[in-house]
Amino acid sequence: MSKINLEEFAGGALQEKFDEAFEKTVQNMLDPNTPWKNKRKITVEITLEQNEDRSDTAVNVSVVMKLAPVKPVETRMVIGKNLKTGEVFAEEYGKQIRGQMSIDDYQMQEVDGKTVDTETGEIKETEKVLDFRAKQA
């Protein structure tokens with residue numbers, strides 16, 4: 001029986017499919033959103049199905065990858081019900097304590113050298129910084 005060159009088998013499709021699967025597997029291994037410890041697997045499957053008089057064989061070639069799943073992303077939401085309106089709400093919050101405001105919650109803008117709260121229109125007085133350090137003689 002003659003030997004089969006796997007690089008040329010199925011018109012080179014086997015090699016092409018394997019190369020593509022190998023590249024995707026390495027990309028999965030380098031992805032920081034996948035667990036590092038999971039094993040990855042590439043399976044090359046060649047299925048032969050012959051006809052009744054055994055003179056012809058259909059050959060199917062497939063390359064199957066088993067990759068590590070992407071880790072889910074977690075966030076937190078505060079949920080509740082407005083007691084006045086009866087409307088329910090769900091609001092995502094970051095790492096701060098629930099209900100705590102962050103600097104990003106305040107929209108300030110400088111106009112004519114003065115700080116203005118863009119939500120209320122209130123002009124904020126600039127505070128002078130006092131230097132309490134001891135003076136050297």
Side-chain angles (χ1 to χ4, degrees):
M1 184 166 145
S2 62
K3 294 190 177 203
I4 297 173
N5 182 343
L6 295 179
E7 289 179 347
E8 297 173 0
F9 192 67
L14 174 59
Q15 183 68 51
E16 188 178 305
K17 286 180 179 286
F18 175 80
D19 290 344
E20 184 180 320
F22 192 78
E23 183 177 346
K24 286 180 181 177
T25 303
V26 172
Q27 286 174 351
N28 183 260
M29 294 171 77
L30 293 172
D31 186 346
N33 294 311
T34 61
W36 65 271
K37 199 168 185 173
N38 288 34
K39 293 179 183 178
R40 280 71 167 178
K41 185 177 183 178
I42 300 173
T43 304
V44 175
E45 187 172 59
I46 300 173
T47 306
L48 298 99
E49 184 180 351
Q50 65 186 3
N51 63 2
E52 189 176 345
D53 62 357
R54 300 173 191 229
S55 62
D56 188 54
T57 302
V59 181
N60 290 309
V61 177
S62 63
V63 177
V64 181
M65 298 171 290
K66 181 183 176 213
L67 304 176
V70 174
K71 293 186 269 186
V73 176
E74 184 175 301
T75 189
R76 305 292 299 184
M77 294 184 84
V78 60
I79 59 172
K81 186 175 187 178
N82 184 321
L83 297 177
K84 291 181 181 176
T85 65
E87 183 179 5
V88 296
F89 64 89
E91 188 174 311
E92 182 178 22
Y93 65 91
K95 295 181 181 180
Q96 74 263 19
I97 299 169
R98 197 170 98 183
Q100 178 183 20
M101 297 187 79
S102 70
I103 297 295
D104 295 334
D105 293 334
Y106 292 100
Q107 300 293 325
M108 298 289 185
Q109 187 175 1
E110 193 167 307
V111 177
D112 295 328
K114 297 183 179 182
T115 305
V116 177
D117 183 331
T118 56
E119 191 172 304
T120 64
E122 179 182 2
I123 296 174
K124 302 288 185 182
E125 295 296 325
T126 55
E127 297 177 21
K128 293 185 179 180
V129 177
L130 301 175
D131 187 357
F132 289 108
R133 293 180 286 186
K135 301 268 186 198
Q136 299 271 335

> Among the clusters formed by ILVMFWY side chains lying less than 4.5 Å apart, do Val64 and Leu67 turn up in the same one?
Replying inline: no
>> Membership question, hydrophobic clusters at under 4.5 Å side-chain separation (ILVMFWY): are Phe9 and Val63 in the same one?
In response: yes
So, using side-chain hydrogen bond (donor to acceptor under 3.5 Å, both in side chains) as the criterion, who are the partners of [X] when residues are at least two apart?
X: Thr34; result: Arg40
X: Asn33; result: Asp31
X: Glu16; result: none

> What pairs with Phe22 under side-chain contact (heavy atoms from CB on, under 4.5 Å), at least two apart in sequence or on another chain?
Replying inline: Phe18, Val26, Ile42
Between [X] and [Y], what is the shortest heavy-atom contact and its length?
X: Ala10; Y: Val61; answer: CB-CG2, 4.4 Å
X: Pro35; Y: Lys71; answer: CD-CG, 4.0 Å
X: Asn38; Y: Pro69; answer: ND2-CD, 3.8 Å

>> Within this structure, what is the CG-CD distance for the pair Asn60 and Glu49, rounded to the nearest 0.5 Å?
In response: 7.5 Å
>> Let me confirm one number: the CD1-CG distance from Ile4 to Leu14, rounded to the nearest 0.5 Å.
In response: 10.5 Å
Donor-acceptor list for residues 74-84 side chains, cut-off 3.5 Å, not counting sequence neighbours:
{"unit_1": "Thr75", "atom_1": "OG1", "unit_2": "Glu92", "atom_2": "OE2", "d": "2.4"}
{"unit_1": "Asn82", "atom_1": "OD1", "unit_2": "Lys84", "atom_2": "N", "d": "2.8"}
{"unit_1": "Asn82", "atom_1": "OD1", "unit_2": "Thr85", "atom_2": "N", "d": "3.2"}

>> Which residues pass the salt bridge (Lys or Arg N to Asp or Glu O under 4.0 Å) test with Lys24, not counting sequence neighbours?
In response: Glu20
> Do side-chain atoms of Asp56 reach the backbone of Asn51 as a donor and acceptor pair under 3.5 angstrom?
Replying inline: no
> Taking side chain as C-beta onward, heavy atoms only, is Ser62 less than 4.5 Å from Thr47?
Replying inline: no
